[in-house]
Amino acid sequence: MKTKASLRYQLRDQRNAILVYYSVITLMVVLSLVFMPFSPADSYFSISSGGITAVTGMFAGVLSLCTFKDCFLLSLQHGVSRKSHFLARLGSLGLVCAIMAVGDEIYTLILKLLEHIFPGRFFASSLYEMIYCSDYMELSSGTYRSIQTTTTTILLSVVFSFFFLLAICSFTYLVSVLNFRLNKVGKIIFWVSWPALFVLLDAFLVAHPQFANSLVPVLTRLASMTISTLPRLCLTCLAASAVFCGITWLLMRRAHAK
Amino acid sequence: MPIKCENVTKSFGQVQALKGVSITFEEGKIYGLLGRNGAGKSTLLNILTGRIFADSGSVTVDGEPAIENDRAQSKIFLMSEKTLHPDAMKVREAFRWAKAFYPDFDEDYAMNLAGDFALNTGAKIAGLSTGYHSIFKLILALSVNVPYVLLDEPILGLDANHRELFYKRLLEKYAEEPFAVVLSTHLIEEVASLVEDVVIIKEGQVLRQESRDSLLSQGYTVSGGAAAVETYIQGRSVLGVDSLGGLRTAYVLGQPDKSAGSAQDLEFGPMDLQKLFIQLTNS
Amino acid sequence: MLKVDMNSGKPIFIQIAEGLEDAILSGALPEGGQLPSITELSVQYTINPATALKGINLLVDQGAAYKKRGVGMFVAEGARALLQKKRQADFSRRFVAALVDEAKRLELGKPELLDMVAAEYDRGGKDGSNADQM
C-alpha cells in the first residue's frame with residue numbers, strides 16, 4: 001500500500017519535467033512550422049531530428065539523477081520502508097522509460113508526417129533506425145534519407161529506446177544514491193577521481209600509442225558482442241540496469257535521513 | 001500494542017548517543033520524553049521510526065519488528081526537527097500526500113487547524129518561519145490519526161497563543177479518542193500538566209521511566225534559613241541546593257519529615273517537574 | 001471560577017476536586033446538575049484527562065458526585081450538605097492551622113488573635129465577603 005503511494009509520488013515528481021521536455025521539443029517543431037513560410041524556398045532550412053532519443057537519454061539521465069533525494073526523504077517521513085521505496089522506484093523507472101520511449105516515437109512519427117507533407121523541410125528518424133537499419137542512406141549533403149517506416153520499425157524503435165533509457169536512468173540514479181551515501185570527504189574523492197582517471201588514461205594512451213592500437217580491436221569486439229544487434233543491445237542494457245539497480249539497493253538499504 | 005525498544009545502542013563516530021536504552025511506550029498515554037540537549041531523544045525517535053539504524057538492540061511494535069516494516073510503521077508518525085518534505089512543496093500538497101500514505105489522515109481537520117493557526121496552506125514549506133514550520137508539522141501530526149504520534153520539539157518557535165492552541169487541540173483529540181503521544185521537549189513546565197508518564201534520558205541512558213505523579217511524589221523541596229535547612233538535610237538524600245543570600249532551598253528525595261527538629265522554621269513544598277528534571281540531570 | 005495554579009504546590013487533581021467542591025457549595029453547580037466533562041476540564045486547563053478524571057473521582061468517592069452511564073457526571077443529591085459537613089470538619093486543618101502558624105511567626109498572642117478573629121467576624125457580611133483579594 002505504501003509502495004503504491006510511493007510510486008505515485010515518484011511518478012508525480014518526474015511528471016512535470018517530462019511534460020516540459022516534450023512541450024519544448026514540440027514547440028520547436030511548431031515554431032519551425034510557423035517560420036517556414038518566411039524562409040526563402042531555396043534556402044536550406046529544415047528541422048531534422050535524427051534520433052531524438054539521444055537527447056531524451058540525456059534528459060532522462062538528469063531526471064533520474066535528481067529524483068532520488070526528495071522522494072526518498074518523503075518516503076522516510078511517511079514511514080515507507082526502504083524496500084517498498086526501492087520497489088516503487090523500479091516501477092517508476094519502468095513506467096517513465098516506457099512513456100518516454102513511446103513519446104519519442106510519437107514525436108518522430110509526427111516529424112515523419114511533416115516530412116511527407118513538406119519534403120525537404122523536415123526529416124526524422126528514430127535513433128534505432130539510425131543505428132540498426134542498414135538501408136540507411138547518407139546523401140551527399142550530409143543529411144540522411146530515412147527508410148520506409150513500417151510498424152515493425154516503430155515497435156522496435158520503442159523497444160530500443162526503452163532499454164536504452166532504462167540503462168541510462170538506472171545508472172544516473174545509482175550515481176545519485178552513491179552521492180547521497182558518501183560523506184563530504186568521500187564525495188570529493190569520488191568526483192575528483194573520475195575526471196582525474198580519464199585525464200591520466202588519456203595521457204597514458206598518448207604516451208603509449210601501442211596500447212591504444214591494441215585496445216581498439218578489443219573495444220570493437222566488445223561493442224559487437226554487446227550492441228551490434230537489437231536483441232544484444234536490449235540484453236546488455238537490461239543486464240546493466242539490473243546490475244545498477246542491484247548496487248543501488250545495496251546502497252539504499254542502509255541509507256538514513258540526512 | 002506497545003512500542004518496545006530493548007537495549008538500543010547507537011554511536012556516531014566517537015560519540016555514544018544511546019547506551020542500551022530500553023523503553024516501553026504504551027497505547028493511549030501521553031508521554032513526556034525529557035532530556036537535555038544531546039541526551040539522545042531525537043536519536044531514539046529516529047531509530048523508532050527507522051530513519052536511522054541502531055547499532056544493536058531491537059524495536060518492536062506490538063511484538064513485530066518495527067524496522068523496514070510498512071505495517072508497523074503505518075501505526076507511527078514522527079514529526080522531527082528536521083523537515084524531510086521537499087522545499088518546494090506547498091503545505092496543502094503535503095496534506096494531500098500525507099493522506100496518500102496514511103489513509104486515516106483527515107484533510108478537512110488539517111485545513112481547519114491551518115485556519116486556526118493562520119497557516120497559509122498555499123505557502124511553500126521552505127518559506128515558512130521556524131514557528132510556522134513547527135505549526136505545519138504539528139498539524140500533520142494531529143491529523144494523521146495513527147496510534148503513536150511522536151513529536152520532537154513540537155513547540156519550537158511557537159508563541160504563547162499558538163502553544164496554548166496546540167495543547168487544547170491535542171487534548172481535544174486525545175479526549176475524543178486516546179492515542180499515544182510522545183512529547184519530546186525542553187519546555188518541561190508547560191507540558192508537565194499534559195503528560196501522564198515521564199521518561200527522562202540522560203547522556204544516552206534512561207534515568208527514569210514512570211508516571212508523572214509517582215515521580216513527583218518522590219521528592220519535595222524544603223526552604224528556610226540556611227542553618228535550619230542545613231540541619232534538616234543532614235543524612236537525607238539531597239538532589240541539590242539553591243541559595244539566595246541567607247536562604248536556602250533544598251531538593252530532597254523521600255517524604256517530608258515534619259517532625260524533625262527544625263521543622264517549624266522550614267517550609268515544605270512539592271517538587272515541580274522542571275526542578276526535579278534539572279536536579280536529576282545536572283551532572 | 002475554578003482556578004488551577006501549576007505552581008501552588010497542591011497536586012492538580014486536588015485543585016480540580018476542590019474547585020468543583022467550591023462550585024457545588026456555592027450553588028454554581030446545582031445538585032442534580034451535570035459536572036463539566038473530562039474533556040472540558042482537560043482542554044480548559046490544559047491538563048491530562050487522567051488528572052481531571054482523578055479529581056472528579058475524588059468527588060465520586062466522597063459521594064458528592066456520581067456517574068450516569070453514557071451521559072456523564074452529575075452532582076449527587078445532598079452533595080451540598082455533605083461537602084459542607086466535610087469542609088467544616090476540615091476547616092481547622094485548612095485555615096486555622098495556617099492562621100495560627102502565621103500569628104505565632106509574627107509573635108501575636110492568643111488573646112490578640114482571638115480578638116482579631118471576633119472583630120473580623122462581626123465586621124463583614126455573613127456571605128463570606130470579608131477577605132481582601134490579595
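A note on names: the letters A, B, ... follow the listed sequences, proteins ahead of strands, and every chain is numbered from 1.
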Within residues 104-121 of chain B, residues adjacent to chain A where the heavy-atom gap is under 4.5 Å = none
Would you mind checking which part of B:Ile52 comes under 4.5 Å of any heavy atom in chain A, side chain (CB onward), backbone (N, CA, C, O), both or neither?
-> both
Output for pair (B:Trp97 CH2, A:Gln77 CD), nearest 0.5 Å, gives 14.5 Å
Rounded to the nearest 0.5 Å, how far apart are CG of B:Asp55 and NZ of B:Lys19?
-> 13.5 Å
So, do A:Phe244 and A:Tyr173 have ring centers that fall under 6.0 Å from each other?
-> no
Let me know if A:Arg253 has heavy atoms under 4.5 Å from chain B in its side chain, its backbone, both or neither.
-> backbone
Determine the sole option in A:Phe164, A:Phe163, A:Phe162 for which the ring-ring contact (aromatic ring centres under 6.0 Å, His included) test with A:Phe160 is passed.
-> A:Phe164
In terms of heavy-atom pairs under 4.5 Å with chain B, the winner among A:His256, A:Lys2, A:Lys69 is A:Lys2
Per-residue contact mode, B:Ala88 against chain A (heavy atom under 4.5 angstrom) = neither
Give a yes/no verdict on a cation-pi contact between B:Lys10 and B:Phe12, requiring under 6.0 Å between NZ or CZ and the six-membered ring centre and an angle within 45° of the axis.
-> yes
Do you know which of A:Lys4, A:Arg8, A:Lys83 has the most heavy-atom pairs with chain B at a distance under 4.5 angstrom?
-> A:Arg8
Among A:Phe68, A:Trp249, A:Phe72, ring-ring contact (aromatic ring centres under 6.0 Å, His included) partner for A:Phe86 | A:Trp249
Within the 6.0 Å centroid threshold, strictly below: A:Tyr22 and A:Tyr107 = no
Does a donor on one side chain sit under 3.5 Å from an acceptor on the other, for B:Ser80 and B:Arg51?
-> yes
With chain A, the option among B:Asp87, B:Asp70, B:Asn69 that has the most non-hydrogen atom pairs under 4.5 Å is B:Asp70
Which atoms of B:Ser74 come close to chain A, meaning under 4.5 Å heavy atom to heavy atom: side chain ones, backbone ones, both, or neither?
-> both
For the ring pair A:His85 and A:His78, is the centre-to-centre distance below 6.0 Å?
-> no
